[in-house]
Amino acid sequence: MSSKVNIGIIGTGMMGHEHIQNFNLLDDAQVIALADTDETMLAKAVELNQDKARSSADFESLLSDPNIDALVIATPNFHHIDVLPAALQSGKAILCEKPLCTNLQDTQRICDSVGDSGQVFQVGMEYRFKPALADMIDRVDRGDIGRLHMLSIREHRFPFLPKVADWNRFNANTGGTLVEKCCHFFDLMRRIVASEPVSVLASAGQSVNHLDERYNGQTPDIWDNGYVIFDFANGARALLDLCMFAEGSRHSEELAAVGDKAKVECLLPQNIVTHGHRDTWAVEQYPINVDEAILKAGYHSGATYFQNRAFLDAVKGLAPVIVSADDGHRAVAMGVAAQMAASQQRRVDMKEFGL
Ligand SMILES: NC(=O)c1ccc[n+]([C@@H]2O[C@H](COP(=O)([O-])OP(=O)(O)OC[C@H]3O[C@@H](n4cnc5c(N)ncnc54)[C@H](O)[C@@H]3O)[C@@H](O)[C@H]2O)c1
């Protein structure tokens with residue numbers, strides 16, 4: 001490997017562009033190849049990368065390119081399984097966007113292939129890397145709140161954005177809203193609670209968004225709101241409150257972890273952490289400062305920069321992979337279980353998925 005890690009990006013839509021912008025901020029990486037079937041997205045990616053990468057409509061040409069050390073897979077959710085088996089065969093390091101795949105058969109297949117091969121394989125659960133959230137996680141890990149009993153995660157935001165060929169309008173392509181975007185939050189639950197989920201209750205549906213849209217005569221079937229409650233093996237409980245028709249929100253994401261000693265909150269996108277004490281009722285507020293250039297290189301409060309930094313460290317053998325294929329599989333399993341709990345109106349046990 002040269003002094004810089006040579007990156008190839010497969011899928012140069014919104015997230016592919018964000019990866020390019022962030023690798024461009026990292027001195028020890030260079031994006032040398034890009035693949036996308038959409039000419040407009042590919043051209044924009046080439047421009048963002050200042051013409052320094054070769055481009056192709058054929059992602060397989062990147063898999064066989066000996067100059068590429070690491071691949072980023074940022075094609076639509078349903079397409080990850082079309083790329084991953086051959087990408088794994090190539091032996092290159094892989095950063096795959098979330099969700100790992102849209103169903104558990106496929107995520108299990110990828111976990112089995114990665115196995116204990118030692119191949120660097122990271123899943124793009126980048127919310128762990130949002131600076132304010134990383135600070136909150138540190139506080140919980142250090143025991144600042146005592147023993148954690150309750151975690152609540154609220155995301156109140158705008159509807160799903162338009163995507164290339166409108167792939168994100170249908171559950172068959174995304175895995176369903178609770179898999180597609182909420183895998184981030186379920187991954188955070190496992191990470192913050194530091195335990196595995198046992199069962200889930202949920203109520204969710206499509207109430208407002210996309211109902212007047214038609215694609216080849218079909219109305220989108222993606223949910224836009226819901227409540228999901230997980231019980232964890234260590235006795236903690238965690239709630240997700242999702243609303244995707246809440247443009248007028250002070251905070252798009254609000255997380256609260258409450259222990260027997262204190263409460264920590266994280267407010268995004270403002271990057272604020274608060275620490276509230278039970279004994280004095282005092283609340284301290286900590287703004288988390290993030291470099292402007294990092295904030296401007298994407299839509300995720302700086303997360304992509306720090307995630308990609310961690311990926312490069314793993315590729316260079318300086319640190320272990322932080323979000324593994326197994327983490328990706330378990331986050332999808334929680335999403336699938338939550339989709340099932342809401343649609344079948346019953347408590348779903350994680351044992352039903354062998355977990
Ligand atoms: N980490 C995050 O917070 C985050 C945020 C948004 C999206 N995502 C994930 O990133 C992935 C991409 O989402 P997006 O928002 O960039 O979507 P997008 O539609 O903007 O981009 C997807 C790109 O993949 C291309 N593509 C489709 N089939 C292809 C093929 N066979 N070969 C090469 N390219 C192909 C499309 O032309 C498009 O340019 C999805 O898995 C999505 O869930 C992650």
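What you see is a predicted model; the values in this text were computed from it and never measured. Just so you know, ligand 1 is whichever comes first in the structure, and atom 1 is the first atom listed for that ligand.
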*Pair T219, R214: side-chain N/O donor-acceptor within cut-off below 3.5 Å*: yes
*Considering only heavy atoms, which of C96, A74, P99 lies nearest to atom 12 (C) of ligand 1?*
A74
*Using a 4.0 Å heavy-atom cut-off, say whether E180 meets ligand 1 through its side chain, its backbone, both or neither.*
side chain
*Which heavy atom of the protein is the closest neighbour of atom 31 (N) of ligand 1, given with residue, atom name and distance?*
H79 NE2, 2.9 Å
_Nearest-0.5 Å distance, CG of residue L104 to CZ of residue F353_ = 6.5 Å
*How far is atom 36 (C) of ligand 1 from its nearest protein heavy atom, and which residue and atom name does that atom have?*
D36 OD1, 3.4 Å
*asked:* Let me confirm one number: the OG1-CG distance from T177 to N171, rounded to the nearest 0.5 Å.
replied: 6.0 Å
_Non-hydrogen atom of W167 closer than 4.0 Å to ligand 1_ = yes
*Will you find, in the side chains of H19 and N308, an N or O donor that is under 3.5 Å from an N or O acceptor?*
yes
*Honestly curious: do I94 and F23 fall in one hydrophobic cluster under the side-chain, below-4.5 Å linking rule?*
yes
*Ligand-residue contact atoms, ligand 1 with V164, heavy atoms, under 4.0 Å*: 19 (O), 36 (C), 37 (O), 38 (C), 39 (O)
*Is the closest N or O pair between G16 and ligand 1 shorter than 3.5 Å?*
no
*Where is the nearest protein heavy atom to atom 21 (O) of ligand 1: which residue, which atom, and how far?*
G13 CA, 3.2 Å
*Looking at D187 and K98, does any basic side-chain N land under 4.0 Å from a carboxylate oxygen?*
no
*Are more than 12 heavy atoms from other residues, nucleotides or ligands located less than 6.0 Å from atom OH of Y286?*
yes
*Nearest-neighbour protein heavy atom for atom 44 (C) of ligand 1, which is reported as residue plus atom name and distance*: E97 OE1, 3.1 Å
*If you group Ile, Leu, Val, Met, Phe, Trp and Tyr by side-chain heavy-atom gaps below 4.5 Å, do L239 and Y127 land in one group?*
no
*asked:* Using heavy atoms and a 4.0 Å limit, tell me yes or no: is H80 in contact with ligand 1?
replied: yes
*Would you say ligand 1 has an N or O under 3.5 Å from any N or O of Y127?*
no
_Enumerated ligand 1 atoms positioned under 4.0 Å from heavy atoms of M41_ = 39 (O)
_contact_flag H184 ligand 1 heavy-atom lt 4.0 Å_ = yes
*atom 32 (N) of ligand 1 [closest protein heavy-atom partner, distance rounded to 0.1 Å]*: T37 CG2, 3.8 Å
_Enumerated ligand 1 atoms positioned under 4.0 Å from heavy atoms of H300_ = 2 (C), 3 (O), 5 (C)
*Closer than 4.0 angstrom: is that true for some heavy atom of M125 and an atom of ligand 1?*
no
*Around Q270, counting heavy atoms of other residues, nucleotides and ligands shown, do more than 12 lie under 6.0 Å from its CD?*
yes
*For atom 24 (O) of ligand 1, what's the nearest protein heavy atom and its distance?*
P76 CD, 3.5 Å
*asked:* K163 vs E180, test: salt bridge (Lys or Arg N to Asp or Glu O under 4.0 Å). Steps then yes/no.
replied: CA-CA 13 Å; K163 295 286 165 188; E180 140 70 2; over 6 Å; no
_Residues K296 and D291 bridged, charged N to O under 4.0 Å_ = no
_What protein heavy atom lies closest to atom 42 (C) of ligand 1? Include the residue and the distance to one decimal._
N77 OD1, 3.4 Å
*Are any of the side-chain nitrogens in R139 or E284 under 4.0 Å away from the carboxylate oxygens of its partner?*
no
*Check each atom of ligand 1 against the heavy atoms of E126 and keep those under 4.0 Å away; list them by number with element.*
1 (N), 2 (C), 3 (O)
*Could you give the distance from OG (S152) to CG (L255), rounded to the nearest 0.5 Å?*
7.0 Å
*Per-atom contacts of ligand 1 with K163, taking only distances under 4.0 Å to non-hydrogen atoms*: 14 (P), 15 (O), 17 (O), 18 (P), 19 (O), 20 (O)
*Residue of the set N225, L242, D241 for which side chain to side chain contact (heavy atoms under 4.5 Å, CB included) holds with H156*: D241
*The one among T304, T75, V83 that brings a heavy atom closest to atom 11 (C) of ligand 1*: T75
*Ignoring hydrogens, just give me the one of H19, E60, K98 whose non-hydrogen atom is nearest atom 9 (C) of ligand 1.*
K98
*Which protein non-hydrogen atom lies closest to atom 8 (N) of ligand 1, naming both residue and atom, and how far is it?*
M15 CG, 3.4 Å
_Ring-plane angle category for H275 and H277, please: parallel below 30°, perpendicular beyond 60°, tilted otherwise._
parallel
*M14 to ligand 1: N or O pair under 3.5 Å?*
yes
*Short list, please: which atoms of ligand 1 are under 4.0 Å from a heavy atom of D38?*
37 (O)
